[in-house]
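Have a look at the structure below before the remarks.
Numbers restart at 1 for each chain; the letters A, B, ... are given by sequence-line order, proteins then strands.
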Protein chains: 2
Amino acid sequence: MAELPLTAPLFHVLVSLADEDRHGYAIIKDVEDRTSGDVRLSTGTLYGIIKRLLADGWIAEARSRRPTDDDERRRYYRLTPAGRDAALTETARLERAAAQARAALRPRRAQTT
Amino acid sequence: MAELPLTAPLFHVLVSLADEDRHGYAIIKDVEDRTSGDVRLSTGTLYGIIKRLLADGWIAEARSRRPTDDDERRRYYRLTPAGRDAALTETARLERAAAQARAALRPRRAQTT
DNA sequence: CACGATGTATCGTAATACGACGCATCGAGG
DNA sequence: CCTCGATGCGTCGTATTACGATACATCGTG
């Protein structure tokens with residue numbers, strides 16, 4: 001992987017973990033919240049992405065610091081420095097792309113067809 | 001299709017055509033320029049995207065107004081109102097995602113591991 | 001003469017997303 | 001009591017998309 005641009009689902013997983021450590025199900029809910037329902041990850045999508053992110057060292061499992069009354073099943077993930085870098089680079093790319101698009105999409109005067 | 005989020009390659013094709021009518025090869029060059037080489041469309045990618053965009057009515061072929069000395073092979077495309085809407089919606093989504101990411105990626109103070 | 005740029009297009013493969021399913025527990029409502 | 005939705009993990013098969021390779025043709029430059 002390690003390739004930019006990142007796909008939207010993968011990017012949102014990264015951003016979700018930038019905040020704080022989260023477990024799978026929490027990521028799904030968080031991404032849905034943050035994007036106002038625009039991005040809904042299915043479990044198939046999420047766990048595939050997690051597998052790839054782990055393999056690339058962009059996230060790591062965080063076993064420590066679980067509240068005592070936590071659900072046993074939960075597996076928490078944490079963004080690594082490499083993952084944070086990737087997310088930052090992609091964010092910059094997104095900002096450039098959006099600015100580009102704004103400029104290009106500005107209402108035109110009389111397109112002489 | 002008609003689904004948001006848009007993939008990066010498809011989005012850039014839309015933006016490229018927002019400016020002015022372009023033919024395939026010109027789109028490839030334009031996207032590469034605008035993104036400073038971040039996004040390089042292969043011909044396979046481009047013509048597949050064009051096919052889908054035409055089918056969805058987001059772009060249309062523009063046969064009129066070709067300079068007299070133009071290359072005969074060129075096929076020009078134009079963004080339709082529907083395509084422009086889609087690009088605008090996606091741009092807004094990108095802006096929101098980028099702002100979200102910036103906030104979440106802000107350097108944290110002592111993450112007590 | 002060969003190679004890169006310009007130009008369109010298709011084909012097969014790889015990467016990715018995604019819905020369906022499976023399994024398990026808990027709490028609420030009928 | 002029973003069912004259903006939420007919470008939680010995961011896999012499997014399929015569809016969608018991206019993408020490199022290939023094909024073909026012309027033009028200009030080294």
Side-chain angles (χ1 to χ4, degrees), chain A residues 1-14 16-17 21-33 35 37-56 58-59 61-63 66-67 69-77 86 90 93 97, chain B residues 1-14 16-17 21-33 35 37-56 58-59 61-63 66-67 69-77 86 90 93 97:
Chain A
M1 190 165 48
E3 288 294 309
L4 282 258
L6 267 34
T7 59
L10 194 145
F11 175 68
H12 282 105
V13 170
L14 252 28
S16 177
L17 291 177
D21 298 353
R22 283 193 169 83
H23 57 97
Y25 194 73
I27 295 173
I28 293 176
K29 293 298 167 198
D30 183 59
V31 169
E32 188 171 345
D33 282 356
T35 62
D38 278 354
V39 179
R40 287 195 176 96
L41 304 173
S42 77
T43 63
T45 304
L46 177 72
Y47 292 110
I49 286 172
I50 286 181
K51 200 167 289 179
R52 272 181 283 147
L53 290 178
L54 284 172
D56 284 8
W58 285 13
I59 65 171
E61 213 174 327
R63 285 211 179 63
R66 309 178 43 161
D69 61 338
D70 203 21
D71 192 319
E72 286 294 333
R73 297 169 297 174
R74 293 179 174 173
R75 309 185 59 176
Y76 285 82
Y77 301 98
E90 178 67 2
R93 198 193 64 79
Chain B
M1 190 165 47
E3 288 295 307
L4 283 257
L6 266 34
T7 59
L10 194 145
F11 176 68
H12 282 104
V13 170
L14 252 28
S16 177
L17 291 178
D21 298 352
R22 282 192 170 83
H23 57 97
Y25 194 75
I27 295 174
I28 293 175
K29 293 299 167 196
D30 182 59
V31 168
E32 189 171 345
D33 283 356
T35 64
D38 278 353
V39 179
R40 287 195 175 95
L41 303 174
S42 76
T43 63
T45 303
L46 177 73
Y47 291 110
I49 286 173
I50 286 181
K51 201 167 290 179
R52 274 181 283 147
L53 290 178
L54 283 172
D56 284 7
W58 286 12
I59 64 171
E61 214 175 326
R63 287 211 176 66
R66 307 177 47 160
D69 60 338
D70 203 21
D71 193 321
E72 285 296 330
R73 297 170 297 176
R74 294 179 173 171
R75 310 185 59 176
Y76 284 83
Y77 302 97
E90 178 68 1
R93 196 193 66 77

*asked:* If you compare every side-chain N and O of A/R52 against the phosphate oxygens of C/dT16 (OP1, OP2), does one of them come in below 4.0 Å?
replied: yes
*Among the nucleotides D/dG8, C/dC18, C/dA9, which one has an atom lying closest to any side-chain atom of B/Y77?*
C/dA9
*For B/R22 and C/dT6, what is the distance between atoms CZ and P respectively, to the nearest whole Å?*
14 Å
*Does the D/dA18 base have a donor-acceptor partner in the side chain of B/T43 within less than 3.5 Å?*
no
*Is there a side-chain polar atom (N or O) of A/Y47 under 4.0 Å from OP1 or OP2 of D/dC9?*
yes
_Nearest whole Å is fine: how far is D/dT11 C1' from A/L46 CG?_
13 Å
_Atom-to-atom span, CD1 of A/I28 to P of D/dA6 - whole angstrom_ = 13 Å
*Nearest to the side chain of A/R73 - C/dA9, D/dT7, D/dC19?*
D/dT7
*asked:* Looking at C/dA17, I'd like to know if its phosphate oxygens (OP1 or OP2) sit under 4.0 Å from a side-chain N or O belonging to A/T45.
replied: no
_Once rounded to the nearest 0.5 Å, what's the spacing between atom CD1 of A/I28 and atom OH of A/Y47?_
5.5 Å
*Rounded to whole angstroms, how far apart are CZ on A/R74 and P on C/dT25?*
17 Å
*Under 4.0 Å between a side-chain N or O of B/R40 and OP1 or OP2 of D/dA18?*
no
_Distance (rounded to the nearest 0.5 Å) between A/E90 CD and B/D38 CG_ = 9.0 Å
*Report the distance from atom CG of B/D30 to atom C1' of C/dT6, rounded to the nearest whole Å.*
16 Å
*Taking A/T35 for its side chain and A/V31 for its backbone only, find out whether a donor-acceptor pair lies under 3.5 Å.*
yes
*asked:* Taking the nucleotide of DNA chain D with the nearest heavy atom to each, does B/P9 or A/K51 sit closer to the 5' end?
replied: A/K51
*Once you round it to whole Å, what is the distance between C1' of D/dT17 and CG of A/L6?*
16 Å
*Using a cut-off of 4.0 Å on non-hydrogen atoms, how would the nucleic acid contact of B/T7 be classed: base, sugar-phosphate, or nothing?*
sugar-phosphate
*asked:* Rounded at 0.5 Å granularity, tell me how far CG in B/L10 sits from CG in B/D56.
replied: 9.0 Å
_Can you measure B/Y76 atom OH to C/dT6 atom P for me and round it to whole angstrom units?_
14 Å
*Distance check: side-chain N/O of B/K29 vs OP1/OP2 of C/dT6, anything under 4.0 Å?*
yes
_So A/L41, base contact, sugar-phosphate only, or nothing? Heavy-atom distance under 4.0 Å._
nothing
*With a non-hydrogen cut-off below 4.0 angstrom, is B/G44 in contact with a base, only sugar-phosphate, or nothing?*
base
*Is the side chain of A/R22 donor-acceptor paired with the backbone N or O of A/S16 at a distance under 3.5 Å, no angle test?*
yes
*A/Y25 has an atom OH; how far is it from atom C1' of C/dA24, in whole Å?*
14 Å
